[in-house]
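Quick notes on the structure that follows.
Below, chain A is the first sequence line, B the second, and so on; all start at residue 1.
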There are 2 protein chains.
Amino acid sequence: MTIQHREAALPDGAAVAPDQTIDHAASDTSGRAPLSCTRIIEAAVRYVDDNCLDELSMRRLGSELGVEAMSLYRYFPSKAALLEAVAGRLLRDLQLPDDANADAWEEQIRAFAVSFRAITREHPRLVPLLSAMSPEDAVPAGIHERMVGVWRRAGLSETDSRSAQRALQSYLSGSSQWHQESCMGRAAEHDFRYGLDVFLDGVRTRVAEAGGAT
Amino acid sequence: MTIQHREAALPDGAAVAPDQTIDHAASDTSGRAPLSCTRIIEAAVRYVDDNCLDELSMRRLGSELGVEAMSLYRYFPSKAALLEAVAGRLLRDLQLPDDANADAWEEQIRAFAVSFRAITREHPRLVPLLSAMSPEDAVPAGIHERMVGVWRRAGLSETDSRSAQRALQSYLSGSSQWHQESCMGRAAEHDFRYGLDVFLDGVRTRVAEAGGAT
DNA sequence: ACCTGAACACCGTTCAAGT
DNA sequence: ACCTGAACACCGTTCAAGT
C-alpha cells in the first residue's frame, strides 16, 4: 500500500505539473518560484537536515517555502505521502549494480552498501524516517530484484539470494541508526566495515561450497 | 542524555512510589487500582499492541487507565520519558549471557539474538519505537558490555569484540523492521536465521585464525 | 489554476486549583 | 498526596472561498 504523489486524481481531475523548475539555480531559497513536488521535497530534506524530523510540520515547511501549509496538499495528498517521497528522493543516490559485470559481485555489493551508508551519513536526521518505513517500502522492489540478481550471479541459489539481500538490507538499515544524534561517530565507520566484511566472508564461503564443491 | 523516570525531583522534592501494585491480578483492566509507573507502562504496551504507535497519546493512554492525561505527568516527566521506559520494559526479556560458561559463546550469542527477535515479533507495532531510539539508548550499556565479554571469551580482540557486538545489534535492529505491517511474515524467520548463520560463520573463521593460528 | 482563511478535531504540556 | 480543569501553543486536514 505504497502512497504515491498525487499525479492527476484531483477533485476535478486536473493534472498537476510535478516539476516545472527549469532554472538550475532553483535552489535559491528566496522562494518566489512556483511550487512543485521537487521543490517541496528538497525543502523538506533541507529542513530536516537543519532541524530534525519531529520538527517538520506542514505549516513550518510551508512557511519555509513562503506559502501556507494548505498549498502543499495540491502536490501531496498527505504528510505521509510527502515523507515517502522524501525517502524516495534520498535513495535515488543508491549505487545500483551494473548488470554487465558478471563476476565482480563483491564489488557491486560493497558499492551498494557503501552508497547506502553515504546517504545516511549525509542525512543522519532523516534516518528515523527510513527506519519508520517498512524495508519493502523503503527500498523499491526494482532495486531489490537487481540486487538479488547480483547474489544469483555470485552463485547463490534463488532462496539464498533473497535471504542474503534481506540480511544485507537489515544490516544497512540497522547500522544507519548509529548515525543518530547522541551516539556520535564512535568508530562507527570501522564497525560498519567490520560487520560488512564478516558478512561477506560468510557468503564467500557459501559461494565456494556451492560452486566449486571443493 | 537518557531520559529517566521521575524518581524524586518533583517540584516539592517528594518521592514517588514507583510500584505499589502488590496484587498479581493487577493486570485486570477494570482500572481502579492506583496509578503506578508499571501500570502505566503495561497499559502503553497493550495499547500500542492493539492499535499502533502513532495512535498512542497521553490523553488516550490516560483514558485507557480511567484517568486524565495530566495524571501521567506525576509518574513520567514527558511522553518521551514514558516511551523510553516502555522500551526498557520490553528489553527486560532479553536473554543475557551467563558469565560462567566460558566456551559456549555461539549459543550465548544465538540466545541473545533469538530473544531479541522474539520480543520484536511479539510486539511488531513497538518496533518503530525501538528503532527511533539510538542503539546506545535502546540497549543499555550494561547489556552491551556483557555481550562484548562473550565475544572476548570467544577469542576476539577488544576492538573486534566491540565491532562484532555493534554489527550484531545493527543486524537485529534492522531485521526487526521486517516485522512491521505491510511486509508480513514473508519467510522472515528463514531469512533471519540465514543472516545470523552467515555472520556467525564469518566470526568463527576469525576466531579460528586468531586462536589456533592454523 | 493555484493559493488562502477559517474551522475541526486533535496534540503535549503548564499551572493553579480541587479534595 | 494525588488527580483535575482550563488554557496555551501547537498539529494534520477539510472545505469553501478568493484571484
Looking at B/Ser78, does any N or O in its side chain come under 4.0 Å of the phosphate oxygens OP1/OP2 on C/dG12?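 Looking at the OP1 and OP2 atoms of C/dG12, neither is under 4.0 Å from any side-chain N or O of B/Ser78.
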
Is any side-chain N or O of B/Tyr75 closer than 4.0 Å to OP1 or OP2 of D/dC3?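 For B/Tyr75, the contact criterion (side-chain N or O under 4.0 Å from OP1 or OP2 of D/dC3) is met.
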
Taking 4.0 angstrom as the limit, do [X] and [Y] come out as a salt bridge?
X        : Y        : result
A/Glu64  : A/Arg60  : no
A/Arg162 : A/Glu158 : yes
B/Glu84  : B/Arg89  : no
B/Arg117 : B/Glu122 : no

Is the shortest side-chain heavy-atom distance between [X] and [Y] below 4.5 Å?
X        : Y        : result
A/Leu172 : A/Phe192 : yes
A/Trp151 : A/Ser163 : no
B/Leu65  : B/Leu72  : yes

Without decimals, in angstroms, what is the distance between [X] [atom1] and [N] [atom2]?
X       : N      : atom1 : atom2 : result
B/Leu82 : C/dC11 : CG    : C1'   : 15 Å
B/Tyr73 : D/dG5  : OH    : P     : 17 Å
A/Leu72 : C/dC2  : CG    : P     : 14 Å
B/Arg74 : C/dT14 : CZ    : P     : 13 Å
A/Leu61 : D/dT13 : CG    : C1'   : 15 Å
A/Lys79 : D/dC11 : NZ    : C1'   : 8 Å
A/Glu68 : D/dC15 : CD    : C1'   : 15 Å
A/Met58 : C/dT4  : CE    : C1'   : 15 Å

If you count heavy atoms of other groups shown closer than 6.0 angstrom to CZ of A/Arg193, is the number above 12?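 No.
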
Table of protein N/O atoms under 3.5 Å from nucleotides 8-10 of chain D N/O atoms:
none

Stem ranges for DNA chain C, with three or more consecutive Watson-Crick or G-U pairs under 3.5 Å?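 Stems for DNA chain C, defined as runs of 3 or more consecutive pairs: C:4-8 with D:12-16, C:12-16 with D:4-8.
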
Looking for any heavy atom pair under 4.0 Å, which part of the strands does B/Met70 touch: base, sugar-phosphate only, or nothing?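 Here B/Met70 touches the bases of the nucleic acid.
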
Donor-acceptor check, side chain of A/Ser161 to backbone of A/Arg152, threshold 3.5 angstrom: yes or no?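 Yes; judged by distance alone, with no hydrogens or angles, the pair exists.
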
